[in-house]
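Bear in mind that the values here come from a model prediction, so they are computed numbers and not experimental data.
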Amino acid sequence: MDADVIVVGAGLAGLVAAHELTSRGRRVALLDQENAANLGGQAFWSFGGLFLVGSPEQRRLRVKDSFELAWNDWQGSAGFDRLDDEDAWAVRWARAYVEFAAGEKRSWLAGHGIELTPMVGWAERGGLRADGHGNSVPRFHVAWGTGTGVVAPFVRSAHRAAQEGLLTFHHRHQVDGFVFTDGNATGVRGTLLAPDDSPRGAPSSREPAGTFELSAQAVVVTTGGIGADHDMVRRYWPERLGVAPRSMITGVPAYVDGRMLDISAAAGVRLVNRDRMWHYTEGIRNWNPIWPDHAIRILPGPSSMWFDALGRRLPDPCLPGYDTLATLKYLRSTPDIAAYDHSWFILTRKIIEKEFALSGSEQNPDITSGDRKAVLRERLLAKGAPAPVEAFVRHGADFVVATALEDLVAEMNALTDEPLLDAALLRRQIESRDLQIANPYSKDSQIQGIRNSRRYLGDRLGRTAVPHRLLDPAAGPLVGVKLHVLTRKTLGGIQTDLDSRALGLDGRPIGGLYAAGEVAGFGGGGVHGYNALEGTFLGGCLFSGRAAGRAAAQATA
């Protein structure tokens, strides 16, 4: 045999699985269709957010959390409704993951040298019901180094194992199928791709240069989702989310193509929940792109006003940072706006300086570099917006700035094929909102949310502006931001048991075949159900990759 175990995919889940295997003395062949520059895959580009429950970081910020509260939030968000079929394993994975997040996860991360910043973000604040979607408390812990810091220990482990003769890198190996012997997975076959030295994240050649076949006792599939293939996104776009956008921008590198999902299905592997997906509505076009249609997601604070393409304020719970898929559904299923693929933020300079953050390791150089002083200087003490945000305001195609509302609306209309926005309509809505600022209480749910946010120390210090009137000249100038649908995550995939063993069409494990990460719906074929609580994508790769590596190591002992 060429190895004890073949791992297909050198992203985070694959690297974690390889680490678990090689640390137990197993010989691993690590395959990826990209070159060596792309070790770590999509996770490298992430903000490094991790979902933890009851952490010291939370307690220092006076956040009271518990497994019971987190599990209640997860169930309310997931909405598991296929418990006898497609969700049968997913719900078990979900509980195991929340237990991990409330227990061993932090010490396990620390054991790998992954440190957490003291700030805990409040992502996905939810659908405004205690038993519905959303995080009741802040749980979004950011790793020092962002995504690069999460990936780095496992990249080092892979290189160390290679030096010790336990791991062999097979870059530019595109898997086209599995090899089965007596019903068990014993290898893979595929296409050798021509050498390509494209930089990390950029599209690479698919020119064939030969074929290959490798054999092993077991195969672990960790090849990610479908986010870069817009045709595949549209193929599985569910009716419950309305009409798929005609135009989308891409939040993942070009190699996130979903190939192994269909290849696995053709081999008799059971795929479930393919109609569940996670795309953001606060996407902006990157002024300095790396891959085609490269998009960045705004991580918004709670204060920007959100309007549809016709200039009408979005209803609850479609508020910045509250309920991603409810907002996506509203924008894509409301009849008179579904024909348009964009929406708008209107905010002030004061808000953008305090509340705007951008997802991605390259958009957060202070945290990515681990420069504690720079984080303090840029995010808490500086008067202006962080440098990456300022660069988008100046160079981004989706940003306009003006002192007067009427001038701002004229510039916003210039960014669309036809002038859809009426300044008088926008003024009425903004003035109504501004009247709610005079008192420390309000009937406006967004104002209530802003004041609720200010009661959380972390948000008051770094993520929520002091409540003010948008039309107050002292808070200006005004900023308009055109928002697009940004493709990101596949929530369904290969169904697996709690040992990450891939299941066949009969619901039984396929001998020697494992799956982890996004290709497995981050565990069980859909650990998130219909909705994510955020910070759970990297964590899902870590948790499921760990399970797959440990189980495959035991099976090949």
Kindly say whether [Y] contributes a backbone atom to a donor-acceptor pair with the side chain of [X] at under 3.5 angstrom?
{"X": "Q58", "Y": "G54", "value": "yes"}
{"X": "S369", "Y": "D366", "value": "yes"}
{"X": "R160", "Y": "V155", "value": "no"}
{"X": "W108", "Y": "F100", "value": "no"}
{"X": "T490", "Y": "G492", "value": "no"}
{"X": "T117", "Y": "W144", "value": "no"}
{"X": "N364", "Y": "L358", "value": "yes"}
{"X": "R106", "Y": "E104", "value": "no"}
{"X": "E355", "Y": "S303", "value": "yes"}
{"X": "D73", "Y": "S136", "value": "yes"}

Have D196 and S198 got a donor and an acceptor in their side chains that come within less than 3.5 Å?
yes

Distance-only side-chain donor-acceptor flag, T250 / H294, under 3.5 Å:
no

Would you say [X] and [Y] make side-chain contact, with heavy atoms under 4.5 Å?
{"X": "L15", "Y": "L30", "value": "yes"}
{"X": "W89", "Y": "T496", "value": "no"}
{"X": "L542", "Y": "F154", "value": "yes"}

Would E362 and I296 count as a side chain to side chain contact (heavy atoms under 4.5 Å, CB included) here? Give the steps.
CA-CA 10 Å; E362 82 283 10; I296 299 296; 3.6 Å; yes

Where do [X] and [Y] come nearest, in terms of heavy atoms and distance?
{"X": "Y322", "Y": "G449", "value": "OH-CA, 3.3 Å"}
{"X": "A70", "Y": "V98", "value": "CB-CG1, 3.9 Å"}
{"X": "A3", "Y": "V28", "value": "CB-C, 4.0 Å"}
{"X": "S500", "Y": "S544", "value": "OG-O, 3.3 Å"}
{"X": "E34", "Y": "S204", "value": "OE1-OG, 2.7 Å"}
{"X": "A475", "Y": "H468", "value": "CB-CD2, 3.4 Å"}

Whether F399 and F392 hold their rings parallel, tilted or perpendicular, with breakpoints at 30° and 60°
tilted

In terms of relative ring orientation, are H173 and H170 parallel, tilted or perpendicular, with 30° and 60° separating the classes?
perpendicular

Ring centres of [X] and [Y] under 6.0 Å apart?
{"X": "F345", "Y": "W306", "result": "yes"}
{"X": "F51", "Y": "H141", "result": "no"}
{"X": "F543", "Y": "W93", "result": "yes"}
{"X": "H528", "Y": "F537", "result": "yes"}

Check ion pair [X]-[Y] (N to O, under 4.0 angstrom):
{"X": "R62", "Y": "E57", "value": "no"}
{"X": "E353", "Y": "K383", "value": "no"}
{"X": "R92", "Y": "E99", "value": "no"}
{"X": "R172", "Y": "D32", "value": "no"}
{"X": "R129", "Y": "D131", "value": "yes"}

Roughly how far apart are [X] [atom1] and [Y] [atom2], rounded to 0.5 Å?
{"X": "T536", "Y": "E124", "atom1": "OG1", "atom2": "CD", "value": "9.5 Å"}
{"X": "R297", "Y": "L299", "atom1": "CZ", "atom2": "CG", "value": "5.0 Å"}
{"X": "Q363", "Y": "T146", "atom1": "CD", "atom2": "OG1", "value": "10.5 Å"}
{"X": "T222", "Y": "L12", "atom1": "OG1", "atom2": "CG", "value": "9.5 Å"}
{"X": "L21", "Y": "L167", "atom1": "CG", "atom2": "CG", "value": "9.5 Å"}
{"X": "Y530", "Y": "S77", "atom1": "OH", "atom2": "OG", "value": "14.0 Å"}

With sequence neighbours excluded, tell me which residues meet side chain to side chain contact (heavy atoms under 4.5 Å, CB included) with L325.
W278, L328, N531

Before giving the answer on salt bridge (Lys or Arg N to Asp or Glu O under 4.0 Å), spell out for D499 and R550 the whole-Å C-alpha distance, their side-chain angles and the decisive distance to 0.1 Å.
CA-CA 8 Å; D499 286 326; R550 291 180 176 184; over 6 Å; no

Is the number of heavy atoms from other residues, nucleotides or ligands under 6.0 Å of Q554 CD greater than 12?
no

Quick check on salt bridge (charged side-chain N to carboxylate O under 4.0 Å, His left out): which of R454, K354, R125 does D459 satisfy it with?
R125

With a distance cut-off below 6.0 Å to the six-membered ring centre and an angular limit of 45° from the axis, does R488 pair with Y280 as a cation-pi contact?
no

On the ring face of W287, is R394 found with NZ or CZ under 6.0 Å from the centre and within 45° of the axis?
no

Let me see the working for L50 and L116 under side chain to side chain contact (heavy atoms under 4.5 Å, CB included), right down to the final yes or no.
CA-CA 9 Å; L50 295 164; L116 305 174; 4.1 Å; yes

Could you walk me through whether C318 and D323 satisfy the side chain to side chain contact (heavy atoms under 4.5 Å, CB included) test, starting with their C-alpha distance in whole Å, then the side-chain angles of each, then the deciding distance to 0.1 Å, before giving a yes or no?
CA-CA 6 Å; C318 306; D323 193 328; over 6 Å; no

Under the ring pair (Phe, Tyr, Trp, His ring centres under 6.0 Å) test, which residues partner H171, sequence neighbours left out?
F169

M248/L486 under side chain to side chain contact (heavy atoms under 4.5 Å, CB included): CA gap, chis, key distance, verdict:
CA-CA 6 Å; M248 295 179 280; L486 176 156; over 6 Å; no

